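Treat the numbers as computed from the prediction; the structure is a model and nothing was measured.
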Amino acid sequence: MWQRIQTLYIGTATALTVSMFFSRMATIIGPEGSELVIRYYEKVPYLIMLIMLLTAGICGVFSYKSRLLQARVCILTALMLLGFQIWLGVDYFRFRDDMVFSPTMLFPFVAAILETFAARKALVDGMTLQAVKSMKKGRR
């Protein structure tokens, strides 16, 4: 399963998504210097989105036997990650004066790039296998 590079890409993107469960999203600095930490799992819509992304990543990792299915799952996951990144970007521009945001807000963008690489590689592998099978049928 881990012999193909696209599975490593998907696994890395899924690990980035899992790390968002345990990291902070932003910090609010109070007037006296007190800090209030906001985590991703504290906002229910973010939590639901992270669970959906985690499920899609796990499905992408375990669909390694069907390369075309794996490519489709990767494309859908990449689109969901880009949507999540846009959502985080909107929140950043709405609250940038009140909060100090964590660099983990860029993890969905990096994961989307990895998922896109994985989809491309899975499509190339799937098409190569189909071409080899059609060539073997033509020789008989």
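Taking the side chain as every heavy atom from C-beta outward, Thr27 and Phe101 never approach each other to under 4.5 Å. Side-chain contact between Asp125 and Gln6: present, with at least one pair of heavy atoms (C-beta onward) separated by less than 4.5 Å. The side-chain heavy atoms of Leu81 and Glu115, taken from C-beta on, include a pair separated by under 4.5 Å.
Between Ser19 and Phe107, the shortest heavy-atom contact is OG-CE2, 3.3 Å. Of all non-hydrogen atoms in Ala119 and Ile75, the two that sit nearest each other are CB-CG1, 3.7 Å. Between Arg24 and Ser102, the shortest heavy-atom contact is O-CB, 3.1 Å. Taking both residues in full, the closest heavy atoms of Ile58 and Thr14 are given as N-OG1, 4.3 Å, listed atom of the first, atom of the second, then distance. A pairwise comparison of heavy atoms in Lys43 and Asp91 identifies NZ-OD2, 3.3 Å as the closest pair. Nearest heavy atom pair, residue Arg67 against residue Gly126, reads CD-N, 3.7 Å.
When the shell of 6.0 Å around CE of Met52 is examined, it contains more than 12 heavy atoms from other residues, nucleotides or ligands. Other residues, nucleotides and ligands contribute more than 12 heavy atoms inside 6.0 Å of the CZ atom of Arg39.
Rounded to the nearest 0.5 angstrom, Met99 CE and Tyr92 OH are separated by 12.5 Å. How far CE of Met20 is from CE of Met49: 10.0 Å, rounded to the nearest 0.5 Å. Interatomic distance, CE of Met105 versus CH2 of Trp87, reported as 11.0 Å (0.5 Å rounding). The distance from atom CD of Gln70 to atom OG1 of Thr77, rounded to the nearest 0.5 Å, is 10.0 Å. Residue Leu50 holds its CG atom at 4.5 Å from CZ of Phe84, rounded to the nearest 0.5 Å. Annotation: the span from Phe117 atom CZ to Cys74 atom SG amounts to 12.5 Å, rounded to 0.5 Å.
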Check the pair Phe21, Tyr41 against ring pair (Phe, Tyr, Trp, His ring centres under 6.0 Å), reporting the backbone distance first and the verdict last.
CA-CA 6 Å; Phe21 279 106; Tyr41 62 81; 8.1 Å; no
side-chain contact (heavy atoms from CB on, under 4.5 Å) for Thr7 and Ile10? Distances and angles first, verdict last.
CA-CA 5 Å; Thr7 310; Ile10 299 167; 5.6 Å; no
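Phe93 and Ile38 fall within a single hydrophobic cluster, where Ile, Leu, Val, Met, Phe, Trp and Tyr side chains are chained together by heavy-atom contacts under 4.5 Å. Residue Leu114 is grouped with residue Leu88 when hydrophobic side chains (ILVMFWY) are merged at heavy-atom distances under 4.5 angstrom, including chains of intermediate members. When hydrophobic clusters are built by joining Ile, Leu, Val, Met, Phe, Trp and Tyr residues whose side-chain heavy atoms come closer than 4.5 Å, directly or via intermediates, Leu123 is not grouped with Leu79. Both Ile51 and Ile48 are part of a single hydrophobic cluster, where members link through side-chain heavy atoms under 4.5 Å apart. Ile86 and Ile113 are assigned to two separate hydrophobic clusters, defined by single-linkage of ILVMFWY side chains at heavy-atom distances under 4.5 Å.
Of the possible donor and acceptor atoms, none in the side chain of Ser66 sits under 3.5 Å from a partner among the backbone N and O of Ser63.
Side-chain atoms of Tyr9 and Thr116 include no donor-acceptor pair closer than 3.5 Å.
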